[in-house]
Amino acid sequence: MPVSIPEQKRALRKEMAAKRDALSPIFRKQMSEKVAQADLPFGVPEGAVVSGWFAMGTELNPYPLMKRIAEEDGSSLALPAIADGELVFRAWVPGMELKRVGFGLSEPGPEAKEVDPDILLVPLLAFDLKGYRIGYGKAFFDRGLARLRAKKKIIAVGLAFDEQCVETVPTEPHDERLDYVITEEGVRFSAGT
């Protein structure tokens, strides 16, 4: 009997989380810094809103890249938050107090202004060279990307360690493709190529 796509995704999540967890803390820190220094394959429009996330556990830390973009391009920053079961983005500046929510996440509170990012740095557990990612299984980012893409042109950039690349990510109709994937090895996927 064939294994269903949701079952394939569950198995891949478990495998890739263990693989990422095996990376040393020093390696993860060094590679997060290396990603932050990479040549960006896209331009940052004037006045852009760039959304990242606060790394949890063994994720690649996007903050060094967020900081670089904000400093070099004068972009404003945002972080994802869950409101009424959906992913929204709220304005954020370093030092702003965040509220702790489930699963060890921190996000700006409802008093922070809701924004629609132009560039989204997206977390993932695995990616393939077709631009598909696998996240944590709730499809928050897929729905958030679809909602934003229906409103305007955005750039969705997956950030990961190179070890998170797999041959094929199992996909379902709701899965949104990334525009780029950047690892410590540089740009691993570009929708323009």
Side-chain angles (χ1 to χ4, degrees), residues 3-17 20 42 45 48-57 59-63 65-66 69 75-92 98-160 164-166 168-182 188-192:
V3 178
S4 72
I5 290 176
E7 289 170 331
Q8 291 174 44
K9 286 182 170 183
R10 275 191 292 279
L12 184 58
R13 274 187 199 97
K14 186 176 181 180
E15 173 191 344
M16 297 309 290
R20 192 181 67 192
F42 54 86
V49 175
V50 178
S51 175
W53 77 94
F54 261 102
M56 62 179 198
E59 291 178 328
L60 184 137
N61 185 356
Y63 180 70
L65 180 57
M66 293 167 64
I69 293 172
S75 301
S76 55
L77 299 176
L79 292 175
I82 304 299
D84 299 322
E86 292 299 324
L87 189 70
V88 298
F89 300 89
R90 293 184 178 141
W92 175 76
L98 300 174
K99 69 176 197 166
R100 300 284 294 174
V101 294
F103 307 107
L105 300 172
S106 296
E107 62 186 41
E111 68 282 354
K113 179 183 176 189
E114 202 168 302
V115 295
D116 288 334
D118 302 290
I119 298 170
L120 293 93
L121 306 178
V122 181
L124 53 86
L125 277 165
F127 70 93
D128 66 23
L129 299 181
K130 293 178 230 120
Y132 287 102
R133 66 179 273 281
I134 191 163
Y136 295 97
K138 302 292 183 188
F140 285 119
F141 268 94
D142 291 305
R143 290 193 309 271
L145 291 173
R147 178 182 60 80
L148 287 170
R149 285 176 168 153
K151 292 171 103 175
K152 66 179 191 175
K153 179 161 177 37
I154 62 168
I155 299 171
V157 184
L159 299 181
Q164 293 174 265
C165 185
V166 297
T168 302
V169 168
T171 59
E172 297 174 277
H174 71 269
D175 290 315
E176 289 285 317
R177 191 171 169 221
L178 298 166
D179 297 298
Y180 302 95
V181 176
I182 301 174
R188 291 300 310 275
F189 169 78
S190 172

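For clarity, every value in this text was computed on a predicted model and none was experimentally measured.
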Looking at every heavy atom in both [X] and [Y], which two are closest together, and how far apart are they?
X      : Y      : result
Leu124 : Gly158 : CD2-CA, 3.9 Å
Arg100 : Ser106 : NH1-OG, 3.1 Å
Asp175 : Pro170 : OD2-O, 4.1 Å
Ala78  : Val115 : CB-CG2, 3.7 Å
Cys165 : Arg188 : SG-NH2, 4.0 Å
Val181 : Leu178 : CG2-CD1, 3.7 Å

Practice item. Decide yes or no for Phe42 and Asp179: does some side-chain heavy atom of the first lie under 4.5 Å from some side-chain heavy atom of the second? Key: no
How long is the span from the [atom1] atom in [X] to the [atom2] atom in [Y], to the nearest 0.5 Å?
X      : Y      : atom1 : atom2 : result
Asp118 : Ser75  : CG    : OG    : 8.0 Å
Leu121 : Met66  : CG    : CE    : 7.0 Å
Ile155 : Leu148 : CD1   : CG    : 12.5 Å
Arg147 : Lys152 : CZ    : NZ    : 10.0 Å
Gln164 : Leu159 : CD    : CG    : 10.0 Å

Review point. Is there a side chain to side chain contact (heavy atoms under 4.5 Å, CB included) between Arg133 and Val122 once you walk through the steps?
Key: CA-CA 9 Å; Arg133 66 179 273 281; Val122 181; 3.4 Å; yes
Review point. So, Lys151 and Asp116, do they make that salt bridge, N to O below 4.0 Å?
Key: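 Salt bridge flag = yes for Asp116 with Lys151.
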**Study point:** Contacts of Lys153 that satisfy salt bridge (charged side-chain N to carboxylate O under 4.0 Å, His left out) - sequence neighbours left out
**Key:**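 Counting only residues at least two positions away or on another chain, Lys153 forms no salt bridge (charged side-chain N to carboxylate O under 4.0 Å, His left out).
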Review point. Which residues satisfy the salt bridge (charged side-chain N to carboxylate O under 4.0 Å, His left out) test with Glu172, sequence neighbours excluded?
Key: Lys9
Review point. Is a donor on one side and an acceptor on the other found under 3.5 Å between the side chain of Arg149 and the backbone of Ile154?
Key: no
Review point. Okay, side chain of Glu176, backbone of Phe141: is any donor-acceptor separation there less than 3.5 Å?
Key: no
Exercise for review: With sequence neighbours left out, write down each residue that passes ring-ring contact (aromatic ring centres under 6.0 Å, His included) with Tyr136, or none if nothing qualifies.
Suggested key: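 If we apply the ring-ring contact (aromatic ring centres under 6.0 Å, His included) test to Tyr136, skipping adjacent residues, there are no hits.
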Which donor-acceptor pairs under 3.5 Å do side chains of residues 125-132 form with protein atoms, sequence neighbours excluded?
from   : atom 1 : to     : atom 2 : distance (Å)
Asp128 : OD1    : Lys130 : N      : 2.9
Asp128 : OD1    : Gly131 : N      : 3.2
Asp128 : OD1    : Tyr132 : N      : 3.1
Asp128 : OD2    : Val169 : N      : 2.9

Side-chain donor-acceptor contacts of residues 79-92 below 3.5 Å, not counting sequence neighbours, with atom names and distances?
from  : atom 1 : to     : atom 2 : distance (Å)
Glu86 : OE1    : Arg143 : NE     : 3.1
Glu86 : OE2    : Arg143 : NE     : 3.4
Arg90 : NH1    : Pro108 : O      : 2.8

**Study point:** Those residues that, when tested against Asn61, pass side chain to side chain donor-acceptor pair (under 3.5 Å) (two or more places apart)
**Key:** none
